[in-house]
Structure formats: C-alpha cells, structure tokens
J.: 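Below are the structure tokens for one structure; questions will follow.
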Amino acid sequence: MIIERNLSKFIVFSEDSLINALGKISDNKNGVVFSVSESGQIDGILTDGDFRRWITSTVNIDLNIPVRMVCNKQFLSLPFDTPHEEIEAAFNDRISVIPLVDKYLHLLAISLRKPAEFMIGDFPIGDDKPAFIIAEIGNNHNGSLDL
C-alpha cells in the first residue's frame, strides 16, 4: 500500500470537463480522479469503469459536460488518521484506491493498494520500466579496508 500525498494529478474540480478528467486519468496511470468542490470537499470519484458505464448508457455523448455529472457519488472514504491495517482491510476486488479525508471531507491523501508506477526524480519506476539501480557509497568502515 502507498499513501500518496501529491494530489494534483488525482484532482479535478466538479465543474471541470469530463475530457479534462479523462486526461488526468490517463496521465496518472492509476485509472482514477477525484472530483472536488470549490471549497475542496470531495464529492465524487471517476474511474475508467465509471466512464465506460456512463458512455454505454448515454445517447448524446458530450465530453465537455462537468465531471460532477458523471462521477460516482457512492464511494468509500476513510479518515486520514485511519490505521494502516484498517486501510489495508478495506481494499477488495472492486476497491483499489481509497481517499483519505478530514472531518470536513477535504481530500488529504490517497491510499493506493499498489501503484502502477512512481517516480524517483525524473525516472519512472514500475513493472514495465527498465531496472533502476541506486549505487551507494559511504565511509561506514571508518576508512579501514580490513573492516
């Protein structure tokens, strides 16, 4: 489990266009964005699956509509101070991302069951990425080659 506090790639405003939300879903590689109100309260979640369900049930497809009209309002969130064991226990086959909120429903962090990838500086780290080797050098032996 990863607790992600860099939320900019996961947040869209409720009035942002659906096409903007889809762009963020593609960019963050986690298949999800969170819709927040102007006051910063989370009011919905939009996943790849939510979008597919919407598009198959819609006659007049308009990707410029506000994301609030498509996002799922029935989602699981947990308090920010929830113990890690309880967060882990909340994941299941359908839930792989859990928003962590304060008492006012402000989004403070996101818990990801397994990240698709993360960054070390400018280098992406993930299952389909080249190996990243970190060389460490130090004087842990007090300068003695015998040690």
Side-chain angles (χ1 to χ4, degrees), residues 1-140:
M1 174 178 74
I2 297 287
I3 303 293
E4 177 68 59
R5 290 181 178 87
N6 181 7
L7 301 177
S8 61
K9 61 185 176 183
F10 293 98
I11 292 178
V12 294
F13 287 107
S14 302
E15 297 303 316
D16 283 348
S17 69
L18 182 56
I19 192 72
N20 181 47
L22 292 172
K24 279 206 170 186
I25 287 174
S26 293
D27 290 344
N28 73 36
K29 299 188 181 15
N30 284 282
V32 63
V33 290
F34 297 90
S35 171
V36 296
S37 67
E38 290 293 325
S39 64
Q41 291 180 312
I42 186 170
D43 61 7
I45 182 172
L46 181 68
T47 66
D48 287 332
D50 295 324
F51 176 70
R52 284 192 306 272
R53 281 184 286 281
W54 172 78
I55 204 164
T56 58
S57 66
T58 302
V59 177
N60 297 323
I61 297 171
D62 178 4
L63 298 179
N64 291 309
I65 64 171
V67 70
R68 69 176 162 70
M69 297 180 68
V70 179
C71 68
N72 182 353
K73 307 279 188 192
Q74 304 294 316
F75 58 92
L76 170 69
S77 67
L78 293 173
F80 180 73
D81 59 357
T82 301
H84 285 222
E85 301 80 29
E86 289 182 34
I87 297 171
E88 287 274 4
F91 290 120
N92 60 37
D93 291 341
R94 296 188 66 233
I95 299 174
S96 60
V97 179
I98 301 173
L100 304 175
V101 298
D102 67 10
K103 66 181 180 179
Y104 302 107
L105 295 179
H106 294 126
L107 185 61
L108 301 179
I110 299 167
S111 179
L112 302 160
R113 181 174 17 194
K114 179 182 176 231
E117 74 179 43
F118 63 95
M119 302 292 285
I120 295 179
D122 293 332
F123 299 95
I125 307 299
D127 291 342
D128 62 342
K129 302 298 179 195
F132 184 77
I133 299 170
I134 299 173
E136 182 179 345
I137 189 166
N139 193 8
N140 297 334

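Worth knowing before you read on, the calculation uses all heavy atoms, side chains too, and leaves out hydrogens, waters and symmetry mates.
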J.: Assess the residue pair Phe34 and Val97 against the criterion (side-chain contact (heavy atoms from CB on, under 4.5 Å)); give the C-alpha distance rounded to whole Å, side-chain angles, the decisive distance to 0.1 Å, and a yes or no.
T.: CA-CA 10 Å; Phe34 297 90; Val97 179; 3.6 Å; yes
J.: Are side-chain heavy atoms of Leu63 and Phe51 found at a separation under 4.5 Å?
T.: yes
J.: Do the side chains of Ile25 and Asp48 get nearer than 4.5 Å, heavy atoms only?
T.: yes
J.: Between OG of Ser37 and NE2 of His106, what distance do you get to the nearest 0.5 Å?
T.: 6.5 Å
J.: Return the CG to CG distance between Asp16 and Leu22, rounded to the nearest 0.5 Å.
T.: 11.5 Å
J.: Which distance, rounded to the nearest 0.5 Å, do you find between the CG of Leu46 and the OG of Ser35?
T.: 8.5 Å
J.: Mind listing the closest non-hydrogen atom pair of Arg113 and Ile95 along with its distance?
T.: NH2-O, 3.3 Å
J.: Do Leu108 and Leu100 make a side-chain contact, defined as non-hydrogen atoms from C-beta onward lying under 4.5 Å apart?
T.: no
J.: To check you understand the geometry: which heavy-atom pair defines the closest contact between Ala109 and Leu107, and what is its length?
T.: O-CD1, 3.4 Å
J.: Quick check for you: to the nearest 0.5 Å, what is the distance between Ile98 atom CD1 and Ile87 atom CD1?
T.: 7.0 Å
J.: Looking only at non-hydrogen atoms, find the nearest pair between Met1 and Ser111 and report the distance.
T.: SD-OG, 3.2 Å
J.: Between Val70 and Asp50, does a side-chain contact (heavy atoms from CB on, under 4.5 Å) hold up when you go through it step by step?
T.: CA-CA 8 Å; Val70 179; Asp50 295 324; 5.5 Å; no
J.: Between atom CZ of Arg94 and atom OG1 of Thr47, what is the distance when rounded to the nearest 0.5 Å?
T.: 9.0 Å
J.: Any side-chain heavy-atom pair from Leu18 and Trp54 closer than 4.5 angstrom?
T.: yes
J.: With a 4.0 Å cut-off, would you call Asp27 and Lys24 a salt bridge?
T.: no
J.: Would you check if the side chain of Asn30 reaches a backbone N or O of Val32 as a donor-acceptor pair within less than 3.5 Å?
T.: no
J.: Taking atom NZ of Lys73 as the centre, does the number of heavy atoms from other residues, nucleotides or ligands within less than 6.0 Å exceed 12?
T.: yes
J.: Hey, are the side chains of Asn20 and Val12 touching, using non-hydrogen atoms and a 4.5 Å cut-off?
T.: yes
J.: With the side chain counted from C-beta on, respond yes when Val36 and Phe13 share a heavy-atom pair under 4.5 Å apart, and no when they do not.
T.: yes
J.: Should Glu86 and Leu78 count as side-chain neighbours, where that means a heavy-atom distance under 4.5 Å?
T.: no
J.: Check Val67 against Ala21 and note the closest heavy-atom contact, atom names and distance.
T.: CG2-CB, 3.7 Å
J.: Below 4.5 Å, heavy atoms only, C-beta onward: do Phe10 and Pro99 meet side chain to side chain?
T.: no
J.: Rounded to the nearest 0.5 Å, what separation is found between the CD1 atom of Ile3 and the CG atom of Leu112?
T.: 8.0 Å
